[in-house]
Amino acid sequence: MAAPLGAFDPLDPPDYEGILDCIHCGICLPQCPSYRVLGLEADSPRGRVYLMRAAAEGRLGLTPALVTHMDRCLGCRACETACPSGVPFGRLLEAVRGQIERRVSRPLGHRLLRTAVLGLFPHPRRLGAALGLLRLYQRLGLSRLVRRLGLLAAFPRLQALERLLPPLPPRGKRLPDRLPATGARRGEVALLAGCVQRLLFPEVNAATARLLARSGFAVTVPEGQGCCGALHLHWGDRQAARALARRNLQAFGGEALVVTNAAGCGTALLEYGDLLPGDAAAAAFNARVRDVSQLLAETAPVPTHPLPLTVTYHDPCHLAHGQRIRAEPLRLLRAIPGLRLVELPEADLCCGSAGVYNLLQPEIADRLLERKLDRIVETGAEVVVSGNPGCLLQLRMGLARRGLGIRAHHPVELLAWSFEGRAPTREG
Ligand code: SF4
Ligand code: SF4
């Protein structure tokens, strides 16, 4: 018997079997950040799956209440880690969001932001031009003025976006298309440069390429690669995500491992097989994707120069829950001489970044960020480390807002500093 559609239409409906996998045990509830903040069953994984089932069985439409509870989900997938029944919550949520975005009328502010974000990210030139204007905006001191006078207070989403924007780095040198291996040669890897990583954290990409080369990999940065599609998946635009997946499959043809240093991008790359069922290249691609921490934990030589810093580690959701990678970044940090690693309580609780969540749900995102900052301060760390640009933007914004002298960096930066005997060059 065909699965019921109920309130959903046949274009990418949520998987009914996956919905039925929920046995209502509630084990996921304490792990869910939105439930921890709001305390409502409908804002828990179990409550959301219940709403999805009611919609699939035609007992509930795509009502404002259903939309609100799906909107408040961070898509962090902590519930998947906790779930003993294997409920594929991330995929269910993406499918439901796709249905909502296509079929439910949204307020103008939401539509404008969605069009701007999804229209910019697949187009490096447009994104570069937008960042050029924002760089000018910061250089002219307009950013300070806007913040001091609270000029965006009437536009909370725009205000959240403006606050999130870090001091933009000067337009950096492009990564070379090819970097030869400097250590004993192990093979070739292809690096995903990423949209946010490439433009806002060029030093992370440069450190990644140098470390991979030092570990014996010839590094290529394939031309023609584009946005991984993570933001489109978060925002329910699976058609656009498919087009981006096809483009990347072509750009990353061949057999080399595909390395990413952005947790959110890695999880999106690993979804290409699901996005393009029956596509042999997409299925094979999944087996080639590696987070940089995985590959370096296996292959990097022992770092050399002492780095006398007290450091704590925040798990990006899409690394810990999306890819189940937790130990490797810690192993890399522990190998650095002189570095003192202190455990972060609730390290795998979302910081509130979650793709564009901090723009769409700024109040909940802020409560999660404040909680994360409290935990970081308790550790006494000078540096908090996390392997995802969204987390770094969120943490840096929060740390700066509180006037804390704590910096936020990607693990590869610390590793590179130790290998190269360099002190940090940019304040986080
Ligand atoms: S994805 Fe995260 S926020 Fe959403 S239901 Fe699961 S644990 Fe909660
Ligand atoms: S842990 Fe899994 S099976 Fe249990 S309530 Fe949560 S989603 Fe359902």
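All ligand and atom numbering here is 1-based and tracks the order in the structure.
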Item to complete: Give a yes or no on whether Cys83 keeps an N, O or S atom under 2.8 Å from atom 2 (Fe) of ligand 2.
Response: yes
Worksheet item: Starting from atom 4 (Fe) of ligand 2, which protein heavy atom do you reach first, and at what distance in Å?
Response: Cys25 SG, 2.3 Å
Worksheet item: Which residues and atoms, counting only protein N, O or S, are under 2.8 Å from atom 2 (Fe) of ligand 1?
Response: Cys76 SG
Worksheet item: Sub-3.5 Å donor-acceptor pair from the side chain of Arg186 to the main-chain atoms of Ser215, do we have one?
Response: yes
Worksheet entry | Working for side-chain contact (heavy atoms from CB on, under 4.5 Å), residues Val289 and Tyr272 | CA-CA 11 Å; Val289 174; Tyr272 285 4; over 6 Å; no
Fill in: Non-hydrogen atoms of Leu152 and Gln159 that approach each other most closely
O-CB, 3.7 Å
Discussion item. List ligand 2 atoms under 4.0 Å from Arg46, heavy atoms only on the residue side.
Written reply: 5 (S)
Practice prompt. Write out the residue and atom name of the closest protein heavy atom to atom 5 (S) of ligand 1, then the distance separating them to 0.1 Å.
Written response: Arg48 NH1, 3.1 Å
Fill in: Ligand-residue contact atoms, ligand 2 with Pro84, heavy atoms, under 4.0 Å
1 (S)
Discussion item. According to ring pair (Phe, Tyr, Trp, His ring centres under 6.0 Å), does anything in residues 348-370 pair up with another residue at least two apart or in another chain? List the pairs.
Written reply: none
Item to complete: Please answer whether the main-chain N or O of Ala347 pairs with a side-chain N or O of His314 as donor and acceptor at a distance below 3.5 Å.
Response: yes
Practice prompt. Can you sort out which atoms of ligand 2 are near Gly26, meaning under 4.0 Å from one of its heavy atoms?
Written response: 4 (Fe), 5 (S)
Fill in: Proximal ligand 2 atoms for Ser85, defined as those under 4.0 Å from one of its heavy atoms
3 (S)
Item to complete: Start with the C-alpha distance between Glu101 and Arg97, add both sets of side-chain angles, then the distance that settles salt bridge (Lys or Arg N to Asp or Glu O under 4.0 Å), and finish with yes or no.
Response: CA-CA 6 Å; Glu101 293 305 331; Arg97 285 203 169 145; over 6 Å; no
Worksheet entry | Shortest protein contact, atom 3 (S) of ligand 2 (heavy atom only) | Ile23 N, 3.3 Å
Response to the item:
closest protein heavy atom to atom 8 (Fe) of ligand 2 is Cys22 SG, 2.4 Å
Worksheet entry | Validation row: Thr310, Val342 side chains within 4.5 angstrom (heavy atoms) | yes
Worksheet item: With respect to Glu328, which candidate in Ile325, Leu330, Leu332 satisfies the side chain to side chain contact (heavy atoms under 4.5 Å, CB included) definition?
Response: Ile325
Worksheet item: ring pair (Phe, Tyr, Trp, His ring centres under 6.0 Å): which pairs involve residues 380-404, sequence neighbours left out?
Response: none
Response to the item:
the protein heavy atom lying closest to atom 6 (Fe) of ligand 2 turns out to be Cys28 SG, 2.3 Å
Worksheet item: Between Arg36 and Pro30, is there a donor-acceptor pair closer than 3.5 Å when you use the side chain of the first and the backbone of the second?
Response: yes
Practice prompt. Would you list the pairs meeting salt bridge (Lys or Arg N to Asp or Glu O under 4.0 Å) in which at least one residue belongs to residues 239-260, sequence neighbours left out?
Written response: Asp12-Arg242
